[in-house]
Amino acid sequence: MSDQEQKLSSDDEANGAENSTAAFEQAMEQLRGDLDDAKERLLRAQAEAENTRKRLRRELDDERRYAALPILGDLLPVVDNVERTVEAAAKVAGAAAVVDGFKMVAQQLSDVLARHHCQRIDALHQPFDPNKHAAIAQQPSAEYPPNTVLLVAQQGYQVHERVLRPAQVIVSRAPDA
């Protein structure tokens with residue numbers, strides 16, 4: 001081979017090596033980009049899985065927290081009837097033993113409700129709250145400001161912060177002129 005041919009051959013090898021190096025660099029960049037994309041997808045998938053776990057945990061906690069709502073709702077009319085019985089029997093002469101018995105039953109029911117975080121909604125003389133009270137009537141009052149609960153017709157109950165049964169109330173309004 002002549003010098004010129006050798007030089008051309010060396011130049012071709014150098015160009016081939018440069019092209020090979022450039023191709024290699026380009027392939028490496030492509031692989032780095034693919035790796036970064038895969039890492040990003042993995043992080044998103046992990047974050048999504050964690051968010052799903054947290055949401056499911058919250059839902060399960062709520063489910064457990066409010067699991068007793070149906071049975072508590074079914075007990076409220078019984079509580080109402082026991083309270084009415086105590087009030088009525090207290091007015092009858094010679095019914096002291098019956099009144100005492102029903103008071104004990106009322107206390108037991110109250111304890112059961114308390115164990116399940118079921119509490120009465122304090123409504124009397126409070127400002128009317130449509131989230132906790134159901135207004136059944138309005139009555140003029142000079143003694144209380146408008147939209148104040150004057151009378152509780154039926155007790156309301158809530159479990160934790162969720163209303164089980166709103167209190168049925170009579171609400172004040174401004175007196176007639």
Side-chain angles (χ1 to χ4, degrees), residues 38-177:
K39 284 180 181 177
E40 190 175 315
R41 283 194 312 272
L42 175 64
L43 287 175
R44 271 196 230 120
Q46 287 174 336
E48 187 176 324
E50 182 62 27
N51 288 340
T52 301
R53 274 193 293 276
K54 286 178 183 177
R55 180 178 50 79
L56 289 174
R57 192 175 307 121
R58 269 193 318 273
E59 288 174 1
L60 183 61
D61 288 346
D62 277 353
E63 189 71 28
R64 286 180 183 153
R65 189 174 204 185
Y66 299 111
L69 281 180
I71 190 72
L72 293 172
D74 291 344
L75 279 175
L76 293 183
V78 176
V79 171
D80 294 339
N81 288 333
V82 168
E83 288 175 358
R84 281 190 210 95
T85 302
V86 169
E87 288 175 19
K91 296 174 185 174
V92 175
V98 173
V99 170
D100 290 342
F102 269 96
K103 282 183 180 179
M104 286 178 13
V105 172
Q107 184 58 48
Q108 286 176 329
L109 283 169
S110 179
D111 292 345
V112 168
L113 294 177
R115 269 196 307 271
H116 293 282
H117 308 281
C118 184
Q119 302 168 355
R120 284 183 184 223
I121 295 172
D122 185 27
L124 190 60
H125 304 143
Q126 299 295 316
F128 176 75
D129 180 354
N131 296 314
K132 295 181 177 183
H133 308 137
I136 57 172
Q138 281 190 323
Q139 183 175 328
S141 172
E143 187 179 346
Y144 294 100
N147 291 324
T148 300
V149 175
L150 296 177
L151 181 80
V152 177
Q154 184 180 45
Q155 285 294 331
Y157 290 86
Q158 65 184 32
V159 176
H160 298 289
E161 67 280 345
R162 190 177 291 177
V163 174
L164 180 58
R165 180 177 79 185
Q168 292 185 1
V169 298
I170 295 175
V171 181
S172 66
R173 65 179 166 87
D176 297 329

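- Qualifying ring pair (Phe, Tyr, Trp, His ring centres under 6.0 Å) partners for His160, counting only residues two or more places apart in sequence or in other chains: Tyr66, His117.
- Ala95 and Ala89 get closest at one heavy-atom pair: CB-O, 3.6 Å.
- Applying the side chain to side chain donor-acceptor pair (under 3.5 Å) definition to pairs two or more places apart or across chains, those involving residues 165-177 are Asp80-Arg165, Gln154-Gln168, Arg173-Asp176.
- Heavy-atom minimum distance, Pro175 versus Pro140: CA-CB, 3.8 Å.
- Within the 4.5 Å cutoff, the side chain of Ile170 has no heavy atoms near those of the Gln138 side chain.
- The nearest pair of heavy atoms linking Lys132 to Ile121 is O-CD1, 3.8 Å.
- Leu76 contributes atom CG, which lies 7.0 Å from atom CG of Leu72 (distance to the nearest 0.5 angstrom).
- Considering all non-hydrogen atoms of both residues, Ala123 and Val169 come closest at CB-CG1, 4.2 Å.
- Distance check: Leu42 CG to Glu40 CD gives 11.0 Å after rounding to the nearest 0.5 Å.
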Output a table of donor-acceptor pairs, distance under 3.5 Å, between side-chain atoms of residues 142-152 and any protein atom two or more places apart or on a different chain; print 'none' if there are none.
| unit_1 | atom_1 | unit_2 | atom_2 | d |
| --- | --- | --- | --- | --- |
| Tyr144 | OH | His125 | NE2 | 3.0 |
| Thr148 | OG1 | Pro145 | O | 2.8 |

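- Partners of Glu63 according to the side chain to side chain donor-acceptor pair (under 3.5 Å) rule, which considers only residues two or more places apart in sequence or in another chain, do not exist here.
- Remark: Tyr157 pairs with no residue by the ring pair (Phe, Tyr, Trp, His ring centres under 6.0 Å) rule, at least two apart or across chains.
- For the atom pair Leu113 CG and Leu75 CG, the distance stands at 6.5 Å (nearest 0.5 Å).
- Taking Arg115 as the reference, nothing meets the side chain to side chain donor-acceptor pair (under 3.5 Å) condition, with sequence neighbours excluded.
- Take Gln155 and apply the side chain to side chain donor-acceptor pair (under 3.5 Å) test, not counting sequence neighbours, and it matches no residue.
- Applying the salt bridge (Lys or Arg N to Asp or Glu O under 4.0 Å) test to Arg55 and every residue at least two apart in sequence or in another chain returns Glu59.
- In this view, His116 satisfies the ring pair (Phe, Tyr, Trp, His ring centres under 6.0 Å) rule with no residue, not counting sequence neighbours.
- Taking all atoms of both residues into account, the shortest heavy-atom contact from Val163 to Gln158 is CA-CB, 4.0 Å.
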Distance-only donor-acceptor hits, side chain of residues 99-109, under 3.5 Å, sequence neighbours excluded:
| unit_1 | atom_1 | unit_2 | atom_2 | d |
| --- | --- | --- | --- | --- |
| Gln107 | NE2 | Asp111 | OD1 | 2.8 |

Just list the side-chain donor-acceptor pairs under 3.5 Å for residues 45-53, sequence neighbours left out, or say none.
| unit_1 | atom_1 | unit_2 | atom_2 | d |
| --- | --- | --- | --- | --- |
| Glu50 | OE1 | Arg53 | NE | 3.3 |
| Glu50 | OE1 | Arg53 | NH2 | 2.8 |
| Asn51 | ND2 | Ala47 | O | 3.4 |
| Thr52 | OG1 | Glu48 | O | 2.9 |

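- Applying the side-chain contact (heavy atoms from CB on, under 4.5 Å) rule to Asn81 yields the partners Arg84; only residues at least two apart in sequence or on another chain are considered.
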- Run the numbers on Arg65 and Val159 for side-chain contact (heavy atoms from CB on, under 4.5 Å), then give the verdict. CA-CA 9 Å; Arg65 189 174 204 185; Val159 176; over 6 Å; no

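- Val171 approaches Ala135 most closely through the heavy-atom pair CG2-CB, 3.8 Å.
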